[in-house]
Amino acid sequence: TPTASSSNPRRVAYFYDPDVGNYVYYLGHPMKPHRIRMAHNLIVNYGLCDDIDETGESEGSRSVNDPIVQEYAEGDGERAKTERLTGSRGKSMQVFRPRRADRGDMTKFHSDEYIELLEKVTPETAEYLTGGGVRCLIGEDCPAFEGLFEFCSISAGGTIAAAETLNSGAADITINWAGGLHHAKKTEASGFCYVNDIVLGILELLRIHPRVLYIDVDVHHGDGVEEAFYTTDRVMTASFHRFGEFFPGTGDVRDIGMKRGKGYSINVPLRDGIRDDSFHSIFKPIINSIIEHYQPGAIVLQMGADSLAGDKLGGFNLTLQGHAECARFVKAFGLPVMMLGGGGYTTKNVARAWTYETAVMCGKELDENLPYNQYMEYYGPRYKLEVLSNNTDDHNHPEYLDAIKRSVLHNLKNLPH
Ligand code: TV7
Ligand code: ZN
C-alpha cells in the first residue's frame with residue numbers, strides 16, 4: 001500500500017542537454033533523438049520548467065558545472081541545491097544541464113576496450129574497426145553514426161546526474177528522458193543502445209541504498225539491465241514486455257535470476273494488443289507485492305513509450321493515460337524515483353507521453369489542448385494531449401494473464417526475508 005499521498009508535493013529535478021536532439025542514427029532509422037527535444041519543448045511551453053538555451057543557461061536553469069553547484073558537489077552543498085529546487089520561481093521543477101559522462105564513468109560497467117572503440121569509431125572506420133572479430137557494433141540496429149560517443153555521454157551523463165541528485169537528497173524524483181537505453185551489454189551494443197545508462201545509474205544508487213528496484217514498461221524486454229544484475233539480490237529487475245517472436249527474444253516468466261540473485265529478476269511476458277485495463281490488472285498487483293516483499297530504498301522507472309497504442313514498432317495498445325498511470329502508481333509509494341526514457345517510435349506520441357508523465361511527477365494537471373510550441377504542426381489535426389487506443393485485438397486472455405500473475409506472485413512470496 002502506498003505510504004505517501006499522491007497529492008504530497010515532491011521535489012522534481014529534470015535533466016536535459018539541448019544538443020541531444022541533433023544526433024541522427026541515420027536516415028530512416030526508427031530511433032530519433034529529436035523526439036527528446038520535442039518533449040522538452042512541450043514541457044517548457046506547458047510551463048513545467050524554464051528552458052535551457054543552446055549556448056548556456058537561461059535564468060532559472062542550472063548546470064552542474066556552474067560554480068555554486070560545483071560547491072555542492074564538493075561537500076556542503078545539499079542545502080544549496082535544495083534552495084535551487086525550491087526557488088525555481090513558480091515552476092514545477094528545476095532543470096539541470098548534466099555533466100557529460102566520460103570514459104571513466106562508462107567503464108564502471110562496460111569494458112575498457114568497448115568504450116575505447118565507441119570513442120574512436122566513425123561512420124567511415126566502422127567496418128574496419130569492427131570487422132576483425134570485434135563483435136560489438138552490429139548491423140543496421142546499432143550503426144556507428146556521427147557523434148555517437150557524445151550522444152552516449154549525454155544519455156549516460158543525465159542518468160548518472162539524476163542518480164547523484166537522488167543520493168544527495170536534493171530531489172525526491174529525477175527525470176532523464178535521454179536515458180533508458182536498456183539493451184546495451186558490457187561489451188556490446190544492441191537494439192539501438194550502446195551505453196547502458198540505467199546500469200550506471202543503478203550502480204550510483206547502490207552506493208547508498210542496500211536494495212534498488214528497476215521497473216521497465218518499454219515494449220521490449222529490459223535484457224541488458226537484467227543481465228547486469230542477474231546474480232545479485234541488491235537489485236530487483238521487473239520487466240513488462242511483449243514476448244513471442246519479438247526482439248530481443250528473452251524475458252520468459254521462468255527466467256528469475258541465478259545464485260544470490262535467484263528470485264530477484266521478474267519477467268512479465270505479454271502478448272500483443274494489450275490495453276490499459278489488462279496491463280494494470282497485472283502491473284499493479286505485481287508492483288505492490290514487490291514493494292511489500294523487497295522493500296527497495298529507491299526505484300528506477302524505464303518509461304519506454306513504444307508500449308503506447310500506434311507505436312511504429314510496438315504492438316501494445318496503451319493510451320496516454322494508461323501508460324502514465326504506471327508512473328502515477330509508482331510515485332504514490334513515496335520512495336525516491338528516477339524516471340527514464342527508452343524506446344518510442346511514433347515521435348509525436350513519445351513527446352506527448354513524456355510531457356504528461358513529467359507533469360504527473362510534478363503533481364500538475366495539464367490542459368488537454370497543447371500549448372503553442374516549436375513543433376506544433378506535428379500534433380495535428382487535433383493538437384491534443386492524447387493517445388487513444390485502436391481497434392486491434394488484445395491477445396492477452398484473462399486466463400493467460402492470471403497464470404503469469406500467479407507465477408510471479410508465487411515467486412515473490414518465496415523470497416527469503
Ligand atoms: C530501447 N526492431 C530498442 C528496441 C530495439 C529493437 C528492431 C528494427 C528496425 C531497425 C532499423 C529499421 C526497423 C522497422 C525494428 C533482428 C533484426 C531485425 C535491422 C533492419 N527499421 C528499445 C531492435 C529490433 C534500422 N531488432 O527497446 C535501420 O524496424 O529485431 C531486431 C533485429 C536484425 C536487424 N534488422 C531488424 O526500444 C530503446 N530493429 C530501419 C533502418
Ligand atoms: Zn523498446
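The basis for the numbers below is simple: all heavy atoms, side chains too, and nothing from hydrogens, waters or symmetry mates. Just follow the structure's listing: the first ligand is 1, and inside any ligand the first atom is 1.
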Nearest to [atom], what protein heavy atom do you find, and at what distance?
atom: atom 14 (C) of ligand 1; answer: Leu313 CD2, 3.6 Å
atom: atom 1 (C) of ligand 1; answer: His182 NE2, 3.4 Å
atom: atom 28 (C) of ligand 1; answer: Tyr26 OH, 3.3 Å
atom: atom 20 (C) of ligand 1; answer: Glu140 OE1, 3.7 Å
atom: atom 13 (C) of ligand 1; answer: Pro30 CG, 3.8 Å
atom: atom 6 (C) of ligand 1; answer: Phe247 CD2, 3.6 Å
atom: atom 41 (C) of ligand 1; answer: Gly28 O, 3.5 Å
atom: atom 26 (N) of ligand 1; answer: Asp141 OD2, 2.6 Å

N-O pairing of [X] and [Y] below 4.0 Å:
X: Lys120; Y: Glu116; answer: no
X: Glu204; Y: Lys108; answer: no
X: Arg100; Y: Asp17; answer: yes
X: Arg275; Y: Asp394; answer: no
X: Arg99; Y: Asp105; answer: yes

Report, as yes or no, whether the 6.0 Å neighbourhood of atom NZ on Lys262 holds more than 12 heavy atoms from other residues, nucleotides or ligands. no

Counting heavy atoms not belonging to Asp277, are there more than 12 under 6.0 Å from its CG? no

May I ask you to check if ligand 1 and [X] share an N or O to N or O distance below 3.5 Å?
X: His183; result: yes
X: Asp306; result: yes
X: His29; result: no

Using the ring-ring contact (aromatic ring centres under 6.0 Å, His included) rule, pick out the option among His220, His182, His183, His29 that qualifies with Phe192. His29

Evaluate the ring planes of [X] and [Y], with Trp represented by its six-membered ring, and classify them as parallel (under 30°), tilted (30 to 60°) or perpendicular (over 60°).
X: His34; Y: Tyr375; answer: perpendicular
X: Phe151; Y: Tyr25; answer: perpendicular
X: Phe283; Y: Phe279; answer: parallel

Here the Zn ion (ligand 2) sees protein N, O or S atoms within less than 2.8 Å, and their number is 3

Under 4.0 angstrom from atom 16 (C) of ligand 1, is there any protein heavy atom? no

Strictly under 4.0 Å, does any heavy atom of Tyr345 approach an atom of ligand 1? yes

For Met31, is the nearest heavy atom under 4.0 Å from an atom of ligand 1? yes

Run Asn167 and Glu164 through side-chain contact (heavy atoms from CB on, under 4.5 Å) and show every step you take. CA-CA 5 Å; Asn167 279 355; Glu164 288 170 345; 5.5 Å; no

For His220, atoms of ligand 1 separated by under 4.0 Å from a heavy atom: 4 (C), 6 (C), 22 (C), 27 (O), 37 (O)

So do Leu308 and Arg352 actually touch side chain to side chain, heavy atoms under 4.5 Å? no

